[in-house]
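Remarks on the structure that follows.
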Amino acid sequence: MRTPAPGPRLLFLGLPGDRAGELAARAVRDARRAVRLRTVAGGPPASEAAAGSWELVRRRPRQPRPEPGGPRPSPYKTLRITVLPGLTPAASATGAQPVGHDGLVVVTGAGERAWWERRLLFHHVQRALADNRAQRMVLAVTGLGRRAGAAELAEAVRPWESYLGSGASAGRLYGVTVPVRFPGGARGTRPGVPLLWHLGADSELTPRQRRLTDARLAGARTPGAPLALREWERVERVLHAAPVPPDRTVRVTVVGAPGAGRTTVLAAAHRVLGPERPGLWLHLPDPGALHDLITRRRALEEDSPGTTGTTGTPVTPGATRTPGTDREHWRFQLADGTVPVMDVDWLEADTRGARPDLADRVRDSQCVVVAVDAGLLDVPLDEGRAAELRERTGAGTADELIQAAATFHRDADGIPPQVVLLLTGVDRLLRDGRPLRTRAGLLDDFRRLVPAAFAPGVLTALCPVSAGTGEADPPTGVEAPYWLLLLQQLRREAHRLTGVAAGEEEKAERLRERAERRKETTSKWNPVSRVLSFADGKRADRGEGRARTARDAAAANDEIEKLLHRDLRDTTVLLGGEPYGTGTTIGG
């Protein structure tokens with residue numbers, strides 16, 4: 001037998017207990033006869049907790065006759081299947097995920113899962129789509145009872161609707177949702193052909209195999225359930241998840257004192273901004289950083305008074321499982337469905353004392369977050385206490401860094417970094433459900449702590465946030481800093497487009513003036529002068545067209561910015577110390 005041609009590589013993954021290994025073995029057994037498979041090497045995983053991989057070969061459909069003298073293609077094609085072990089935080093933090101696969105099979109159970117387990121699965125799916133060039137995906141739903149119907153299946157796939165049905169994902173991913181029942185199940189629910197051959201190899205199926213595949217997919221439908229078999233838009237090209245361009249990378253410097261809750265708020269934002277909700281979600285490509293944030297948030301939720309841990313037993317307050325080392329540098333993405341939108345370079349720094357090493361970092365940052373514990377502002381500040389808190393919270397050094405960066409950008413005709421005044425633990429400013437301070441009073445205090453944040457041209461936002469402790473006390477306000485990053489990006493892009501339009505208009509004006517001078521100073525019978533004047537006029541017309549296009553794009557950015565202000569209606573936004581946009585009023 002001639003050397004088989006390379007075929008598709010399939011990757012199976014799922015959470016513990018969802019039987020991904022058993023599903024892969026049954027899929028091969030079910031499809032063996034239909035597509036003439038035989039095992040070459042390896043085999044299915046020995047247990048649910050173990051990984052496994054094996055290679056199979058199948059006979060290809062009849063190939064066209066080669067050119068005279070050319071090599072005859074092999075009638076066989078290989079199929080490589082890899083099954084990951086059950087995804088757990090510990091395994092994800094240490095193990096590497098294989099790359100180079102063309103198709104993805106995500107095994108999800110129909111039962112209820114904890115939020116961090118779903119988040120772990122979503123993050124591994126996102127990594128697989130980015131690292132494996134996966135164009136096609138099957139969502140296999142296991143754990144369905146023999147009598148399960150449309151309602152049970154719709155509930156099982158509901159967390160995936162926003163992620164896979166996002167507008168940005170349309171045209172990039174094609175997949176089906178297949179209900180799976182163990183063992184056997186109804187005749188139409190056997191998963192073999194849909195799982196293996198609707199992941200990139202169906203273009204080579206024979207007509208008989210294609211009819212069999214379509215019949216199996218039709219039989220997999222549950223009567224009256226539109227989500228029993230969900231198809232996303234087919235594409236002819238492979239999804240290449242290229243990194244975000246450099247100009248879409250946002251640098252964020254978080255300054256303040258340790259203990260202000262900077263990482264706790266980041267973990268709360270990761271808890272809230274999940275892929276199952278509409279809009280942007282927070283994705284950490286690094287599995288170690290993902291494990292850290294999940295561990296921190298679980299420790300806060302499970303160790304809070306009055307809650308129980310995952311085992312159902314009461315948890316003693318203070319018995320945290322926080323990682324031993326604190327991270328200061330985080331890199332994550334804001335994604336829309338399966339498509340990354342923005343890379344975020346997030347650096348946390350202690351500014352108690354001089355930090356000349358941060359000058360370049362703050363100058364190159366698009367956003368500077370000044371974190372202050374709300375418990376320190378329960379009463380208005382006077383001059384003496386303001387000076388003490390500037391040193392204690394690191395706000396004094398932050399003020400100097402922001403002022404230097406704003407001066408640099410003002411001289412360079414650029415946009416200074418955005419400033420987010422992050423007031424953490426804002427629930428401490430409530431007594432009997434009533435606030436102790438107003439926003440106007442808090443802004444007055446921050447004018448004493450960070451006066452550079454209210455300088456002309458600086459966009460500043462006051463973001464009171466609370467990390468919360470669980471379902472009864474959810475996080476509040478933690479999404480606002482990320483919407484502000486989008487707002488700053490829109491302002492930067494509008495500023496760039498306005499500069500492009502001004503430059504094109506100035507160039508067009510110079511060209512028209514030169515064309516007029518040629519007409520006035522040379523004879524109208526001079527052919528060279530006429531040609532040059534005509535060329536200058538045409539170039540001026542094209543420049544004015546580019547200027548109009550740039551200004552239209554800047555105007556469109558302004559409209560998007562107005563819509564974004566609706567999501568920031570609970571955030572006070574100032575530009576140069578004056579209200580900006582449609583956020584909460586200063587006195588609220």
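Since this is a predicted model, take the numbers as computed values, not measurements. Here, residue 1 is the first one in the sequence, and each next residue gets the next number.
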Legend entry - Test side chain to side chain contact (heavy atoms under 4.5 Å, CB included) applied to Val272 - qualifying residues, sequence neighbours left out: Pro475, Val478, Glu479

Inset, instruction - Could you pull out all residues at least two apart from Ser466 that satisfy side chain to side chain contact (heavy atoms under 4.5 Å, CB included)? - result: Val426, Asp427, Thr476

Legend entry - Arg298 and Glu301 ion-paired at < 4.0 Å: no

Inset, instruction - Identify whether the distance between the nearest side-chain nitrogen and carboxylate oxygen of Glu112 and Arg158 falls below 4.0 Å. - result: no

Can you check whether [X] reaches [Y] side chain to side chain, under 4.5 Å on heavy atoms?
| X | Y | value |
| --- | --- | --- |
| Trp483 | Leu280 | yes |
| Pro481 | Leu422 | yes |
| Pro159 | Arg113 | no |
| Arg118 | Glu276 | yes |

[X] side, atom [atom1]; [Y] side, atom [atom2] - distance, nearest 0.5 Å:
| X | Y | atom1 | atom2 | answer |
| --- | --- | --- | --- | --- |
| Leu284 | Gln333 | CG | CD | 9.0 Å |
| Thr263 | Asp292 | OG1 | CG | 9.5 Å |
| Arg251 | Leu347 | CZ | CG | 11.5 Å |
| Asp345 | Gln366 | CG | CD | 9.5 Å |
| Ile294 | Trp116 | CD1 | CH2 | 8.0 Å |
| Arg296 | His291 | CZ | NE2 | 11.0 Å |

Legend entry - Residues which pass salt bridge (charged side-chain N to carboxylate O under 4.0 Å, His left out) with Glu348, listed by chain and number, not counting sequence neighbours: none

Legend entry - Val254/Leu266 under side-chain contact (heavy atoms from CB on, under 4.5 Å): CA gap, chis, key distance, verdict: CA-CA 11 Å; Val254 187; Leu266 178 60; over 6 Å; no

Inset, instruction - With sequence neighbours left out, write down each residue that passes ring-ring contact (aromatic ring centres under 6.0 Å, His included) with His124, or none if nothing qualifies. - result: none

Inset, instruction - Could you list the residues that satisfy ring-ring contact (aromatic ring centres under 6.0 Å, His included) with Phe122, not counting sequence neighbours? - result: Trp160, Tyr163

Inset, instruction - Please report the C-alpha distance between Leu487 and Leu459 in whole Å, then the side-chain angles of each, then the deciding distance to 0.1 Å, and finally whether the side-chain contact (heavy atoms from CB on, under 4.5 Å) criterion is met. - result: CA-CA 10 Å; Leu487 178 62; Leu459 186 71; 3.9 Å; yes

Inset, instruction - Keeping the roles fixed (side chain from Asp18, backbone from Ala20), state whether a donor-acceptor pair exists under 3.5 Å. - result: no

Legend entry - Exercise: identify the closest heavy-atom pair between Pro275 and Arg119: CD-NE, 3.6 Å

Determine all donor-acceptor pairs shorter than 3.5 Å in which one atom belongs to a side chain in residues 7-16; sequence neighbours excluded.
none

Inset, instruction - Would you confirm whether the ring centroid of Trp281 sits within less than 6.0 angstrom of the ring centroid of His123? - result: yes

